[in-house]
2 protein chains.
Amino acid sequence: MDNSGTFAHQHDGAGCAQHVRGDDCRFCNVRHLSICAALDPEELSFLEDMSGDAIYAEKSTLFREEDDVVSIFNVTFGVVRLVRSLSDGRRQITGFALPGDFLGLSLEKNWSFTAEAVTEVRACRFKRSIFEDFSDRKPHLMKRMHEFATHELSLAQDHMVLLGRLTAEEKIATFLVAMKRRWTRVEGHELGLIRLPMGRQDIADYIGLTIETVSRVINQMQRDRKLVIVPDGIRFVDPAYFDEHALR
Amino acid sequence: MDNSGTFAHQHDGAGCAQHVRGDDCRFCNVRHLSICAALDPEELSFLEDMSGDAIYAEKSTLFREEDDVVSIFNVTFGVVRLVRSLSDGRRQITGFALPGDFLGLSLEKNWSFTAEAVTEVRACRFKRSIFEDFSDRKPHLMKRMHEFATHELSLAQDHMVLLGRLTAEEKIATFLVAMKRRWTRVEGHELGLIRLPMGRQDIADYIGLTIETVSRVINQMQRDRKLVIVPDGIRFVDPAYFDEHALR
DNA sequence: AAGCGGCATTGATGCAAATCAAACCGTGGC
DNA sequence: GCCACGGTTTGATTTGCATCAATGCCGCTT
């Protein structure tokens with residue numbers, strides 16, 4: 001059974017259909033990971049009527065920092081980078097959204113970050129106003145959103161430790177271990193490789209290094225037989241090393 | 001009218017009574033800033049019965065990372081540092097809780113950080129289980145908790161930019177401006193000085209520098225007539241400089 | 001097959017902040 | 001008044017990562 005479902009470089013419709021079949025939530029294969037798992041069939045069908053499947057090309061922008069929050073998103077396929085930029089061009093990527101991740105938890109009127117498609121991205125899209133009315137009437141949905149938000153807060157704290165207190169080597173190791181865990185959760189089972197659909201510059205901007213340092217550290221790890229670099233990702237050769245050097 | 005209410009070095013009861021008068025929420029002067037502002041008088045009185053005023057000495061620990069969440073806290077006086085520690089002693093302070101700030105938004109069973117009193121701290125303390133039952137029955141309270149959580153998430157993103165992409169000078173400037181804003185909000189009006197009740201090491205662990213660098217940068221700013229160092233804080237001499245060098 | 005454009009890698013050098021090490025300063029105890 | 005102590009400042013030196021600068025590699029186009 002093939003569910004290797006590569007990201008950026010697969011263009012047949014069938015590959016995508018594995019991930020979202022039309023607009024029917026019943027066939028959504030990230031539902032158990034997403035906000036929607038809090039909903040019963042009736043609620044789901046209401047929300048389904050309110051939602052549409054949206055597709056974004058690689059490198060396109062879902063929304064920009066300061067934009068009005070018109071729609072909110074449940075990513076069903078692909079990878080989105082969440083970016084804060086400074087006026088002089090410095091960027092900090094605050095997170096990567098993977099299938100199952102929700103964009104628009106905050107109920108604020110404006111986005112506090114920019115979202116850009118790293119790969120082709122598919123997302124279940126809701127009108128913000130409708131979703132908000134709905135969540136106001138559904139306390140268990142609000143509670144689930146709150147749980148998602150506080151979980152993200154905990155991840156944000158992890159990330160602060162990484163940015164503020166880890167060495168370049170520890171940052172890379174921690175990032176790779178986290179990506180492995182996240183993909184395993186999304187895919188439902190462990191893969192031989194760790195997908196890295198984002199470029200080196202994105203990794204650098206996520207962990208607070210330069211592209212050169214990211215490249216150097218990863219290639220040094222390969223020379224040291226800790227991992228091997230493969231197309232679209234890396235493969236752990238010495239998992240024990242990563243257990244030891246990654247944070248939590 | 002005196003509401004200068006200093007922090008660590010004032011020991012007369014009257015000074016504290018400005019901030020919390022016994023256990024009566026009606027006299028709580030951080031209520032408008034806190035979670036409790038979402039509640040009507042009846043709900044407030046119920047919650048009041050469920051709460052107690054707690055006092056923590058300077059340097060004492062409210063709770064440790066991984067501890068069971070037995071109680072949750074609404075800080076009413078003083079400053080709490082929120083700490084993540086690595087096994088080798090490196091620390092990252094993920095935030096400082098000031099009066100009005102709430103500890104225990106997450107509804108998780110265990111704390112994801114340690115909370116230590118920087119100054120003497122007073123807090124309104126609730127049994128977690130009781131508060132949770134209550135919030136389950138009060139959707140508008142849950143919504144307010146969610147708003148607090150997503151606001152914190154946005155602050156966490158700000159902090160990631162600071163940690164990952166700012167220079168030492170920018171980090172200090174941004175930190176000082178943020179503290180000024182937060183104190184102004186808590187005090188209800190602008191003070192001449194910016195209180196820094198936390199030590200240099202805490203500032204360093206908050207913004208991802210060493211104590212020596214923090215000291216050097218602040219003292220350099222003083223030599224450059226950007227600020228003056230005063231007991232328990234600093235005073236801006238050249239506010240325009242800070243507007244320019246601090247992030248947002 | 002040659003040329004191009006967009007990453008990624010590698011090397012040489014620079015520099016901001018860390019580290020190592022002392023001195024300083026205010027406070028409290030005796 | 002003196003000393004001890006905890007926190008802060010200052011100075012000298014090191015270093016980890018950034019910066020600057022090629023070069024390499026792969027997929028696309030023509």
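Quick note on labels: first sequence line is chain A, next is B, and so on, each numbered from 1.
You'll find that the side chain of A:Leu209 is closest to D:dA18, out of D:dT9, D:dG7, D:dA18.
Nucleic acid contact for A:Arg90: none, since no nucleic acid atom lies under 4.0 Å from a heavy atom of the residue.
Across the protein-nucleic acid pair, A:Asp202 atom CG and C:dG6 atom C1' stand 14 Å apart, rounded to whole Å. Put simply, CD1 on A:Ile203 is 8 Å from P on C:dA8, counting in whole angstrom units. To the nearest angstrom, P of D:dT9 lies 11 Å from CD1 of B:Ile172. The CD atom of A:Glu212 sits 10 Å away from the P atom of D:dC20 (whole-angstrom rounding). The distance from atom CD of A:Gln201 to atom C1' of D:dA18 is 12 Å, rounded to the nearest whole Å. In this entry the distance linking CG of B:Leu196 with P of D:dT8 reads 11 Å, nearest Å. In this entry the distance linking CD of B:Gln220 with P of C:dA16 reads 13 Å, nearest Å. Here C:dA8 presents its C1' atom at 9 Å from CD1 of A:Ile229, a figure rounded to the nearest Å.
DNA chain D is contacted by both A:Ile211 and B:Met198; B:Met198 maps to the nucleotide lying nearer its 5′ end (nearest heavy atom per residue).
The shortest distance between the side-chain N/O atoms of A:Thr210 and the OP1/OP2 oxygens of D:dC17 is not below 4.0 Å. Residue A:Arg216 places no side-chain N or O under 4.0 Å from the OP1 or OP2 atom of D:dC17. Remark: B:Asn219 is not in phosphate contact with D:dT8, judged by side-chain N or O atoms under 4.0 Å from OP1 or OP2. Residue A:Arg200 places none of its side-chain N or O atoms closer than 4.0 Å to OP1 or OP2 of C:dG6. When the side-chain nitrogen and oxygen atoms of B:Thr213 are compared with OP1 and OP2 of C:dA17, none of them lie within a distance under 4.0 Å.
Between A:Asp205 and A:Arg84 no salt bridge is recorded (no basic side-chain N to carboxylate O distance below 4.0 Å). With salt bridges taken as basic N to acidic carboxylate O contacts below 4.0 Å, none links B:Arg64 and B:Glu66.
Across A:Ala115 and A:Leu103, no two heavy atoms sit closer than the pair CB-CD1, 4.4 Å. Between B:Trp111 and B:Ile72, the shortest heavy-atom distance links the atoms CH2-CG2, 4.4 Å.
Taking the six-membered ring for Trp and the full ring otherwise, B:Tyr206 and B:Phe175 have centroids separated by under 6.0 Å.
Residues of residues 160-171 of chain A that place a heavy atom closer than 4.0 Å to DNA chain D, in numerical order, are A:Thr167, A:Ala168.
A donor atom on one side chain and an acceptor atom on the other are found under 3.5 Å apart for B:Asn110 and B:Asp68. For B:Arg225 and B:Tyr241, the side-chain atoms include no donor-acceptor pair closer than 3.5 Å.
Five base pairs at each end of the helix from C:dA1-D:dT30 to C:dC30-D:dG1 define two local axes, and these are offset by 30° (rounded to 10°).
B:Asp224 places no side-chain N or O within donor-acceptor distance of the main-chain N or O of B:Lys226, the cut-off being under 3.5 Å.
Looking only at side-chain heavy atoms (C-beta outward), B:Lys171 and B:Val217 stay at 4.5 Å or farther from each other. Residues A:Glu169 and A:Met221 meet the side-chain proximity criterion, which asks for heavy atoms closer than 4.5 Å.
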